[in-house]
Amino acid sequence: MNIYKHFSVVVRNVLQDLAVAGGIPAGLDLARVAVEAPREAAHGDLATNAAMVLAKAAGMKPRDLAELLVPRLTAHPEIVSAEIAGPGFINLRLTESFWRDRLKDVLVEGATYGDSDEGKGRRVNVEYVSANPTGPLTAGHARGAVVGDAIANLLVKTGHDVCREYYINDAGAQVDVLARSAFLRYREALGETIAEIPSGFYPGEYLKAVGQALVARDGAKWRDLPESEWLPELRAFAVARMMESIESDLGALGVKMDRFSSERALVEAGAVERALAELERRGLLYTGILEPPKGKQLDDWEPREQLLFRSTEFGDDVDRPLAKADGSFTYFANDIAYHFDKFSRHYPLLIDVVGADHGGWVKRITAAVTAVTDGKASVDIKLCQLVNLLQEGQPVKMSKRSGTFVTLRDIIDEVGRGVVRFIMLTRRNDQALDFDFAKVTEQSKDNPVFYVQYAHARCRSVLRLAAEQYSAAILAPESLLAADTNRLDSPEELDLIRRMAAWPAVVSGAAEAHEPHRIAFYLYDLAASFHQLWSRGKDNATLRFLLESDRSLTIARLALVQSVVTVIAGGLRAIGVEPAEELRS
RNA sequence: GCGCCCGUAGCUCAGUUGGAUAGAGCACCGACCUUCUAAGUCGGGGGUCGCAGGUUCGAUUCCUGCCGGGCGCGCCA
């Protein structure tokens, strides 16, 4: 149950009743009425701004309106008290049994606790990673991969029909460079000595395997042919090899795409012409001359007539070129075609997870999507800021040009998949993130992955011990569901229950905002609540979970512990992390 | 020059889409281990939410202008 949505309905019903009774005018706009958690727990369990946002329209003072609402709210069986505070807030306190019933929600729903059908099966396309197929995935790609995948998971949990998609940029000049670089390695594999990789080629060692594989397949077949003969074949071969490696790296991270879309295939199928025809039909194309960009030195700037898209009509700063001097389409034109293609596949909601260097591209693609779909599709672009790789606080040196860089695979091998995925979500996506190899594997409170996993492991340890001391039957669903949860009455226990009750709303909010980092922060808070409760048992033996002398209380506490396991495990899985059974090393 | 992102405790960052006395962790000071894992917990000090206006019952949040940091800026992808 999403408690905020639940009580939002309660408040709205009260307002309707009040309108029927003539206390307030009928037909007030209730859109801004909100029920949320107060910042300070001391203020109560929930707060509503109803009296404040409706006061003006109702022609009343906020507090007077609140006075009318309070008795009706208090009459609700799940509400203990309602009091007016500050400028007109109504603070609600809920019955303890309401909170304890949420524990039953967790136990009954298990792994699906927090899931909802809010998305109503709406189709969403999440495009992420989309790294150029010219080399292995790097540390930088890891962030986009994790963010995109977690967003997709959250959308699935909230009842959306999600497509995880990778766009292969296999149509530009960079894949020709790849092909030529692979050809060098091919000759090398045939026994030639390549002293040094010339500039303008990719120097990476990973291309040796591509050269060898081609020899294995075709022998010396291509060696003495002119470039025009071998280029298309080598390009296709090398791209396919790169994509295999990329897919396998993504697999190591636990990311599985539903679809790989090839830019080249799209272009060859005439998708660009179709998309541009769509824009033409709406009168959004013209031929003109752009002003030279200011503040940047361009020695070779020559004013030139070119095909332009009126992106300024949709909020962009300048109109954007669609055709190059040689008549071929720009990357932007292909991008429009690709987004139109996604829309044509019946995805009205598009999410693009891209690197921060795409900042300047947001306005134009947003404009293009609106234009080419006639406003029927929207795109949300999540820019992921840099990941700074550190070792004990010192930057790890990387240079893609010289071919030395830290790959995604290196990082996973070093710290594990779960750590990579969790740490990548410990900042908002638009905030730069430090990834310190020493810190992320440290077993301390300073390391959020460890802290959360430790809470889960502690819970599992208690459950294992319970099964030993009593019997496995004590942990059976029917045993835990029959627990007398009224025995859970300490502030720490109730705090933990309240936090777990918030989980469905956290999932819903994170999914709606496309902000998976909220899950990581929530899990940290939940873990803290649990560690607090745990340590109370240190001071006072009667506060431990397992009590020989009191079986009924033990069962109630085991129900609580099982719920914590369920919520933490569910939360970790939502961001693609496997919960740990134990951390003792 | 223009655009986008960011500016919150000494440091690293949250802040539930505009709410009340702005929160965590680290660092610092002081407590707690014959224990279901002390790899942890509790307490304390610490703030002009970059600055100045505006919008309104109410602004860290929205708008405008400055200041500071990052990224990007025709025919590359």
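Below, chain A is the first sequence line, B the second, and so on; all start at residue 1.
Between B/G74 and B/U16, the distance separating the two C1' atoms is 43 Å to the nearest Å. Annotation: B/G25 and B/U8 have their C1' atoms spaced 15 Å apart (nearest Å). The P atoms of B/G58 and B/A20 are separated by 14 Å, rounded to the nearest whole Å. Nucleotides B/C51 and B/C11 are separated by 15 Å at their P atoms, to the nearest Å. Atom C1' of B/A9 sits at a distance of 13 Å from the matching atom of B/U48, rounded to the whole Å. The gap from the P atom of B/C29 to that of B/U21 amounts to 34 Å, rounded to the nearest Å. Comparing B/G15 with B/G23, their P atoms are spaced 15 Å from each other, to the whole Å. Rounded to the nearest Å, the gap between the P atom of B/U17 and that of B/C13 is 24 Å.
Regarding the sugar-base torsion, B/C42 falls in the anti class, its angle being beyond 90° of 0. Using a 90° window around 0 for the glycosidic torsion, B/U17 falls inside it and is classed as syn.
Across B/U37, B/U41, B/A77, the shortest atom-to-atom separation from the side chain of A/Arg458 is found for B/U37.
For the side chain to side chain donor-acceptor pair (under 3.5 Å) condition, the pairs that include at least one residue of residues 525-537 of chain A, sequence neighbours left out, are A/Arg458-A/His531, A/Glu492-A/Arg536, A/Asp495-A/Ser529, A/Arg499-A/Ser529.
Among residues two or more places apart in sequence or in another chain, the side chain to side chain contact (heavy atoms under 4.5 Å, CB included) test is passed with A/Pro321 by A/Leu290, A/Gln306, A/Leu308. With sequence neighbours excluded, the residues satisfying side chain to side chain contact (heavy atoms under 4.5 Å, CB included) with A/Asp176 are A/Arg180, A/Leu231, A/Arg235. In terms of the side-chain hydrogen bond (donor to acceptor under 3.5 Å, both in side chains) criterion, A/Thr287 has no residue partners (sequence neighbours excluded). With sequence neighbours excluded, no residue forms a salt bridge (charged side-chain N to carboxylate O under 4.0 Å, His left out) with A/Glu512. Evaluation of the side chain to side chain contact (heavy atoms under 4.5 Å, CB included) rule for A/Arg427 yields A/Arg143, A/Gln431, A/Leu433 as partners, not counting sequence neighbours. Partners of A/Ala569 under the side chain to side chain contact (heavy atoms under 4.5 Å, CB included) rule, at least two apart in sequence or in another chain, are A/His456, A/Arg573, A/Pro579.
Residue A/Ala457 is classed as a base contact, given a heavy-atom separation below 4.0 Å to a base. Nucleic acid contact class of A/Ala47 (heavy atoms, under 4.0 Å, all strands): base.
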When the side chains of residues 53-64 of chain A are checked against the rest of the protein, which donor-acceptor pairs come out under 3.5 Å, sequence neighbours left out?
from    : atom 1 : to      : atom 2 : distance (Å)
A/Arg63 : NH1    : A/Gly86 : O      : 2.7

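The stretch residues 50-58 of chain A touches RNA chain B through A/Met52, A/Val53, A/Lys56, each having a heavy atom within less than 4.0 Å of the strand. Annotation: proximity of residues 427-439 of chain A to RNA chain B (heavy atom, distance under 4.0 Å) is found for A/Arg427, A/Arg428, A/Asp430, A/Gln431, A/Ala432, numbered in ascending order. Listed by residue number, A/Phe521, A/Tyr524, A/His531 are the residues of residues 521-531 of chain A with a heavy-atom contact under 4.0 Å to RNA chain B.
Inspection of the A/Glu118 and A/Ser508 side chains reveals an N or O donor paired with an N or O acceptor under 3.5 Å.
By the 6.0 Å and 45° rule, A/Arg551 does not stack over the aromatic ring of A/Tyr470.
Taking the six-membered ring for Trp and the full ring otherwise, A/Tyr524 and A/Tyr522 have centroids separated by 6.0 Å or more.
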Intra- and interstrand pairs of RNA chain B - dot-bracket, Watson-Crick/G-U under 3.5 Å, | marks other strand: (((((((..((((.....[...)))).(((((.......))))).....(((((..]....))))))))))))....
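Here A/His358 does not reach the OP1 or OP2 of B/C73: none of its side-chain N or O atoms lies under 4.0 Å away.
Between A/Trp361 atom CH2 and B/C4 atom C1' the separation is 13 Å, expressed in whole Å. Atoms CG (A/Asp326) and P (B/G74) sit 17 Å apart, rounded to a whole Å.
Not a single donor-acceptor pair under 3.5 Å links the side chain of A/Asn169 to the backbone N or O of A/Asn132.
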